[in-house]
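Reminder, nothing fancy here: chain letters follow the sequence lines and each chain counts from 1. All values below come from the heavy atoms of this structure, side chains included, with hydrogens, waters and symmetry mates left out.
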Number of protein chains: 2
Amino acid sequence: MNTSSRFSTTIHILTLLAHMTPERVNSEFIAGSVNTNAVVIRRLLSLLRDAQVVSSRSGPGGGWQLDQKPASISLLDVFKLVEHHDLLPLPAQEPNPKCPVGQNIQAALEGHIQDAQSAFELSLSHVTIQDLLEDMDLPDL
Amino acid sequence: MNTSSRFSTTIHILTLLAHMTPERVNSEFIAGSVNTNAVVIRRLLSLLRDAQVVSSRSGPGGGWQLDQKPASISLLDVFKLVEHHDLLPLPAQEPNPKCPVGQNIQAALEGHIQDAQSAFELSLSHVTIQDLLEDMDLPDL
DNA sequence: TCAATTCGTAACAACAATAATTACAAATCC
DNA sequence: GGATTTGTAATTATTGTTGTTACGAATTGA
């Protein structure tokens, strides 16, 4: 399986940051909520920092904060930032070009795979971090 | 990455079988078109045989044939038979239940992930092996 | 009946990706 | 200056996929 849980983990982190705003939160604390290692958190968040979704600061009192409004961050934005593969990859080995089917199948299939991925992405684009926060009905800080 | 090319490979195989109908084709021949090992082909096709999409026969002149009409096999049927993972898995480690966000995030997220996967699957369901055959405009046997 | 062909499937190796972990330099704060 | 925290490289463990070898079972046809 092509199983990466980066997407779900990153959504968890961003929801937590949104909930904690305007507090700054360090990677150790986030790791405690996600149940993983702080380096895993820093690695994921560094991808989001490059896209100016979050920012970080070193030193005491340092940590991470959200730099965009929760309502302006969609699940699709996160998906594109942390998942680098196509949902349904073509085989690494090219088919045999001497076979009429092998020669044509990938071009015929590719468009349909792209359509399905677009439908998937469109669905993700309709949901934001703000929506998740509202769904969760969290207690105030 | 959750990268499996089983889907694309299986679509290739089924399109080839549809094109060759009513000939029976052995796994060595199919492997030549797909550019892989015959055992890989037999492994994939055994999944489809369990679902009565194809049938096989041992011995000389044996091999594989399609048991359903190309127009009745959708890309979604194949996806469900050969890909066993969710497109966006939740993390293997459960979040910390003592954190209000950790406790609630998975339930809040799961529905939206399911919606996206459903959109993906609906798109795949609209295309059949027959559609691919027609797209490819192959020469007669 | 026998030899050749083909499937069915287990076992193993090669490779790649993810995740967890350790380590330590750089930045920041007080 | 000491404590805290990030940034990131390196390493390991684990898992999944793919390719390969091997061999028994089924089938065909002479």
Protein-nucleotide distance (L47(A), atom CG; dG7(D), atom C1'), rounded to Å: 13 Å
Below 4.0 Å: OP1/OP2 of dT6(D) and any side-chain N or O of S27(A): yes
Which nucleotide in dG19(D), dT6(D), dT5(C) has an atom nearest any side-chain atom of N26(A): dT6(D)
N/O (side chain, S5(A)) to phosphate O (OP1/OP2, dA19(C)) under 4.0 Å: yes
Modelled atom types, side-chain donor and acceptor of H112(B) and D135(A), under 3.5 Å: yes
Spacing of I41(B) atom CD1 relative to dG19(D) atom P, expressed in whole Å: 9 Å
Sugar-phosphate, base or nothing in reach of N37(B), heavy atoms under 4.0 Å: base
Test item: side-chain donor near acceptor, S118(A) and D115(A), under 3.5 Å: no
Donor/acceptor link under 3.5 angstrom from R49(A) side chain onto base of dG7(D): no
Sugar-phosphate, base or nothing in reach of R57(A), heavy atoms under 4.0 Å: sugar-phosphate
Verdict with reasoning, H12(B) to S33(B), per side chain to side chain donor-acceptor pair (under 3.5 Å): CA-CA 9 Å; H12(B) 179 157; S33(B) 173; 2.8 Å; yes
5' priority, DNA chain D, between V39(A) and G59(A) [closest heavy atom]: G59(A)
Minimum heavy-atom distance between R49(B) and S56(B), given as atom pair plus value: NH1-OG, 3.3 Å
Atom-to-atom span, CD1 of I30(A) to P of dA19(C) - whole angstrom: 17 Å
Sugar-phosphate only, base, or nothing, as touched by T36(A) at under 4.0 Å among non-hydrogen atoms: sugar-phosphate
Nucleotide of dT20(D), dT27(D), dT6(D) approaching R43(B) most closely (side-chain heavy atoms): dT20(D)
Among dT4(D), dT18(C), dT6(D), the one nearest S4(A) by side-chain distance: dT18(C)
base_contact_polar (dT5(D) base, R42(A) side chain, donor-acceptor, <3.5 Å): no
Polar side chain donor-acceptor pair, S4(B) to E83(B), under 3.5 angstrom: yes
Distance, rounded to the nearest Å, where L88(B) contributes CG and dT18(C) contributes C1': 15 Å
Whole-Å distance separating the CG atom of L45(B) from the P atom of dT6(C): 16 Å
Sugar-phosphate only, base, or nothing, as touched by E28(A) at under 4.0 Å among non-hydrogen atoms: nothing
For atom CG of N35(B) and atom P of dT18(D), their distance in whole Å: 14 Å
For atom CH2 of W64(B) and atom P of dT27(D), their distance in whole Å: 14 Å
Greater than 12 external heavy atoms within 6.0 Å of Q114(A)'s CD: yes
Donor-acceptor pair present, R6(A) side chain and dA19(C) base, under 3.5 Å: no
Whole-Å gap separating P (dT20(D)) and CD (Q93(A)): 9 Å
Nearest to side-chain heavy atoms of P60(A), which nucleotide of dA3(D), dT6(C), dA11(C): dA3(D)
side-chain N/O S56(B) vs dG8(C) OP1/OP2, d < 4.0 Å: yes
Nearest-nucleotide comparison on DNA chain C, the residue closer to the 5′ end among G62(B) and A38(A): G62(B)
